[in-house]
Amino acid sequence: MSYLFKQEDVFSLADFVNAETKQKGIELQFKHCPLCNGGQHGDKWTFSINIVTGQFKCQRSTCGKQGGFITLSKEVGFPLDFGTKESLTKTYKRLPQIALQDIIIRDGAVEYLKNRGIPEEITRKYGITTQKDNPNIVCMPFYDWNGELTMIKYRNTQFKKGDNGSKEWVSRDTKPILYGIQNVNYDNDTLIITEGQIDSLSLTAAGIENAVSVPMGKNNFNWINTCWDFLQHFTKIIIFGDNENGQITLVNEIAQKLKRHQISVVRASDYQGMKDANDILRNYGMSALVQAVNNAKPLQVDRIISLADIKSVDISEMPHFSTGIAEIDTLTGGFFEGQLIILSGKRGEGKSTLASQIVIEAVDQHIPTLVYSGELPNYQFKNWVDLQSAGIDNLIPHLSNGREYFTMKNDEIKENINEWYRDLLYIVDDGELPEGETELDLIETAIYRHKIKFCLVDNLMCLAEYGEGIYQNQGKVVKKLKEIATAAKCTILLVAHERKMQSSDLSDNVSGSSDITNRADAVLRYARSSEDNGGYIEVAKNRLFGTLARVASKNQIVTSFDPASRRISTEKSWNMYKVYGWVNQTKPKENLQPIGDDGDLPF
């Protein structure tokens with residue numbers, strides 16, 4: 001016994017797990033992974049199945065499950081049709097043939113449909129009758145485009161809920177096709193698809209051309225394969241499914257599978273509180289059906305909208321903050337919410353120093369800030385930030401083993417700096433992660449919980465260790481960081497190392513996947529120059545404004561570095577002596593004065 005993979009099984013599995021899906025090329029993407037359900041944050045669109053090979057994969061690093069279609073089916077409990085390859089090559093039973101005009105139309109069918117608002121001439125046109133030995137079983141023949149009888153659908157008109165048996169059934173092992181296609185007008189390029197046969201007959205009764213129905217309800221779409229060539233005769237499809245609490249059936253599945261058609265959907269309001277087309281016919285008449293079809297709303301492609309509907313934004317009014325380097329701010333406008341910014345440079349040349357200085361600038365502007373420092377222990381990062389915050393006027397040197405160190409002049413300065421960035425500046429603590437979480441998960445949670453608006457991630461190499469492999473995982477990490485920045489309206493500054501071999505394109509110099517700089521909104525580079533304590537900053541990418549600063553163009557931003565305070569300055573932003581807000585941080589003194597003028601109680 002073996003299983004022969006079929007593309008339609010992918011869509012059937014999606015229906016089985018009740019997944020919202022969208023097709024991108026040969027990948028069927030799921031809104032939520034059926035195995036991890038998107039994790040604790042409900043990550044979206046991380047799971048996909050290749051509809052050609054059946055291979056599946058979840059991109060979430062804490063899930064990461066992948067494999068073949070049989071494995072996935074077992075995981076979610078989806079029943080597969082195992083058998084010999086011969087039995088899996090679908091063949092349909094051919095019914096004994098009878099011409100439509102030779103069918104004997106019995107009174108039971110005429111009366112049943114007349115009670116449903118369907119005129120006798122429509123019943124006869126479609127060859128609807130009853131079983132000769134049971135007038136309560138209505139028979140609806142399905143003729144294909146060649147006039148061949150391919151299947152028959154039966155309806156028990158006396159069925160009541162709770163009865164044994166079925167209300168409807170079809171002839172066994174016969175070919176599923178759309179009902180009513182023998183009567184379509186191919187000169188009309190619009191096809192109307194309903195969920196039930198009586199619904200399509202209702203539209204026909206109202207004088208609406210090319211109304212057909214799916215053969216076996218809203219959960220079976222095998223007819224798309226058998227009717228594929230027939231469907232290509234039409235450019236427009238109107239879906240007139242059942243109205244289930246304001247949601248119209250058939251829409252998602254047909255839209256996913258018929259991507260080259262213009263698809264419209266009958267508006268829920270035009271059902272006027274009714275369930276389907278036949279209910280509308282019986283309660284509001286034929287004109288209501290005509291109106292519903294004429295008012296059908298074109299189905300928009302997910303995430304495709306009219307540019308006119310985009311709200312105009314004055315970029316200068318978008319939330320942003322200054323980097324403290326006037327030349328960078330002039331080029332980039334500062335750091336804007338939702339941006340992912342890459343800061344690159346060679347190892348040991350000071351990119352982390354520049355990053356921590358920007359952190360101080362954010363704090364000074366009351367921007368809630370989070371730091372992930374993968375290489376520096378937390379105490380060392382704090383030491384850097386404290387020295388930069390204090391400034392050269394508040395530091396004193398001392399020697400230890402022949403090396404000069406700098407510390408703050410007194411403990412009050414330390415206390416004031418601590419109070420200045422308390423509840424504004426946070427750092428990801430060293431230690432073990434909660435089970436099943438990555439550092440990236442922790443950063444995302446902290447951004448939301450603490451309402452972080454600026455996050456420094458130093459550096460990419462450390463963060464990308466938590467996944468399938470450093471280089472393989474880098475693109476995913478950067479993609480996720482950009483998604484977090486956009487969703488949380490947070491600016492993320494990502495520090496990344498440079499390649500050893502340099503390229504003329506500075507964006508290509510960032511070590512790792514090309515996805516890193518492709519997804520970034522801006523790319524900065526910091527490097528030391530040959531002069532003592534000199535350096536420069538380049539702006540290699542600036543998506544918002546396009547202006548760059550490059551050594552090759554001789555407009556790089558020249559910098560100076562103070563080893564004592566670890567501050568970086570430029571000609572326009574002389575930051576060596578800048579005073580930050582902690583200087584005004586005063587500790588409230590206790591009131592030691594007696595209550596009242598003479599010590600008496602004041603009441």
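This one's a predicted model, so the numbers in the text were calculated from it and none came from an experiment. Note that the numbering runs from 1 along the sequence shown for the chain.
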Are more than 12 heavy atoms, taken from residues, nucleotides or ligands other than Lys275, located less than 6.0 Å from that residue's NZ atom? no
Compare all side-chain heavy atoms of Pro215 with those of Ile177 and state whether any distance is below 4.5 angstrom. no
So Thr150 and Leu95, do their side chains get closer than 4.5 Å, heavy atoms only? no
Do Ile105 and Thr123 have side chains that get closer than 4.5 Å, going by heavy atoms? yes
Should we say atom NZ of Lys22 is surrounded by more than 12 heavy atoms from elsewhere, each under 6.0 Å from it? yes
Backbone of Asp242 reached by a side-chain donor or acceptor of Thr249 within 3.5 Å: yes
Over all heavy atoms of both residues, which pair between Tyr92 and Thr226 is shortest? Give the atoms and the distance, please. OH-CG2, 3.8 Å
Pair Ile492, Lys482 - check side chain to side chain contact (heavy atoms under 4.5 Å, CB included), show working. CA-CA 8 Å; Ile492 297 181; Lys482 177 56 184 174; over 6 Å; no
I'd like to know if the side chain of His261 reaches the main chain of Leu231, judged simply by a donor and an acceptor atom lying under 3.5 Å from each other, with no hydrogens or angles considered. yes
Specify whether Trp145 and Phe230 have parallel, tilted or perpendicular ring planes, treating 30° as the upper limit for parallel and 60° as the lower limit for perpendicular. parallel
Here the gap from Ile152 atom CD1 to Met140 atom CE, rounded to the nearest 0.5 Å, amounts to 12.5 Å
Keeping the roles fixed (side chain from Thr62, backbone from Glu437), state whether a donor-acceptor pair exists under 3.5 Å. no
Can you check salt bridge (charged side-chain N to carboxylate O under 4.0 Å, His left out) on Glu253 and Lys218, steps first, answer last? CA-CA 9 Å; Glu253 295 81 358; Lys218 65 180 180 180; over 6 Å; no
Would you indicate whether Lys489, at its atom NZ, is surrounded by more than 12 heavy atoms from other residues, nucleotides or ligands within a distance under 6.0 Å? no
Is Lys259 atom NZ crowded by more than 12 heavy atoms from other residues, nucleotides or ligands, each under 6.0 Å away? yes
Worked verdict on Leu35 versus Leu72 for side chain to side chain contact (heavy atoms under 4.5 Å, CB included): CA-CA 9 Å; Leu35 304 176; Leu72 176 62; 4.2 Å; yes
Step through the shown structure and confirm whether more than 12 heavy atoms of other residues, nucleotides or ligands are within 6.0 Å of CD1 on Ile104. no
What's the shortest heavy-atom distance between Met216 and Pro176, and which atoms? CE-CB, 3.7 Å
So, taking the atom named CG in Leu258 and the one named CH2 in Trp228, what distance separates them when rounded to the nearest 0.5 Å? 5.5 Å
Take Glu120 and Arg124, measure what salt bridge (charged side-chain N to carboxylate O under 4.0 Å, His left out) needs, and give me the verdict at the end. CA-CA 6 Å; Glu120 181 176 345; Arg124 293 187 177 279; 2.8 Å; yes
Separation between SG (Cys455) and CD1 (Ile443), nearest 0.5 Å, reads 5.5 Å
How far apart are the closest heavy atoms of Phe5 and Val52, and which atoms are they? CE2-O, 3.5 Å
Beyond-backbone contact of Asn210 with Asn185, side-chain heavy atoms, under 4.5 angstrom: yes
Taking atom CD1 of Ile103 and atom SG of Cys139, what is their separation to the nearest 0.5 Å? 9.0 Å
Would you sort out whether Asp144 and Lys175 count as a salt bridge (charged side-chain N to carboxylate O under 4.0 Å, His left out), showing the intermediate values? CA-CA 10 Å; Asp144 69 9; Lys175 183 179 179 180; 5.1 Å; no
Does the side chain of Tyr112 reach to within under 4.5 Å of the side chain of Arg155, using non-hydrogen atoms? yes
Please examine the side chains of Ile128 and Leu201, heavy atoms only from C-beta on, and report whether any two atoms are closer than 4.5 Å. yes
Donor-acceptor check, side chain of Gln197 to backbone of Val214, threshold 3.5 angstrom: yes or no? yes
Lys541 side chain to Asn518 main-chain N or O, any donor-acceptor pair under 3.5 Å? yes
Side chains of Asp441 and Thr438: is there a donor and an acceptor less than 3.5 Å apart? yes
Would you call the rings of Trp223 and Phe221 parallel, tilted or perpendicular, taking 30° and 60° as the class edges? tilted
Can you name the nearest heavy-atom pair linking Arg282 to Asn115, along with the distance? CD-O, 4.0 Å
Just one of Val266, Asn252, Ile263 clears the side-chain contact (heavy atoms from CB on, under 4.5 Å) bar with Ile239, so which one? Ile263
Assess whether side chain to side chain contact (heavy atoms under 4.5 Å, CB included) is satisfied between Thr130 and Asn136, documenting all intermediate values. CA-CA 7 Å; Thr130 60; Asn136 296 323; over 6 Å; no
Donor-acceptor under 3.5 Å (Gln339 side chain, Phe336 main chain): yes
Can you tell me if Asn278 and Arg116 form a side-chain donor-acceptor pair at under 3.5 Å? yes
Side chain to side chain donor-acceptor pair (under 3.5 Å) evaluation trace for Thr235 with Asp189: CA-CA 6 Å; Thr235 57; Asp189 68 349; 2.9 Å; yes
Look up atom NE2 in His41 and atom OH in Tyr448, then write down how far apart they are to the nearest 0.5 Å. 9.0 Å
What I'd like to find out is whether the side chain of Met286 reaches to under 4.5 Å of the side chain of Leu281, using heavy atoms alone. yes
Rounded to the nearest 0.5 Å, what's the gap from OG1 on Thr194 to CG on Leu250? Could you check? 8.0 Å
If you count every heavy atom of other residues, nucleotides or ligands that lies below 6.0 Å from Gln247 atom CD, does the total exceed 12? no
Shortest non-hydrogen contact between Gly54 and Ile49, atoms and distance: O-CG2, 3.8 Å
For the residue pair Phe240 and Tyr271, categorise the inter-ring angle as parallel (less than 30°), tilted (30 to 60°) or perpendicular (more than 60°). perpendicular
Taking CG in Asn245 as the centre, count heavy atoms belonging to other residues, nucleotides or ligands within less than 6.0 Å. Is the count above 12? no
Hey, is the main chain of Arg106 close enough, under 3.5 Å, to the side chain of Thr129 for a donor-acceptor pair? yes
Given the rule in the salt bridge (charged side-chain N to carboxylate O under 4.0 Å, His left out) test, do Lys125 and Glu121 qualify, once you have shown the distances and angles that lead to the verdict? CA-CA 6 Å; Lys125 180 179 180 180; Glu121 59 266 28; over 6 Å; no
Would you confirm whether Thr46, through its side chain, and Asp43, through its main-chain N or O, come within 3.5 Å as a donor-acceptor pair? no
Yes or no on side chain to side chain contact (heavy atoms under 4.5 Å, CB included) for Leu28 and Phe11, after CA distance, side-chain angles and deciding distance? CA-CA 8 Å; Leu28 184 67; Phe11 297 100; 3.9 Å; yes
With side chains defined as the heavy atoms from C-beta onward, is the minimum distance between Trp45 and Gln59 less than 4.5 Å? no
Shortest non-hydrogen separation from Thr53 to Asn50 and the atoms involved: N-OD1, 3.0 Å
Quick check against the 3.5 Å criterion: does Gln23 have a side-chain atom that pairs as donor or acceptor with the backbone of Gly25? yes
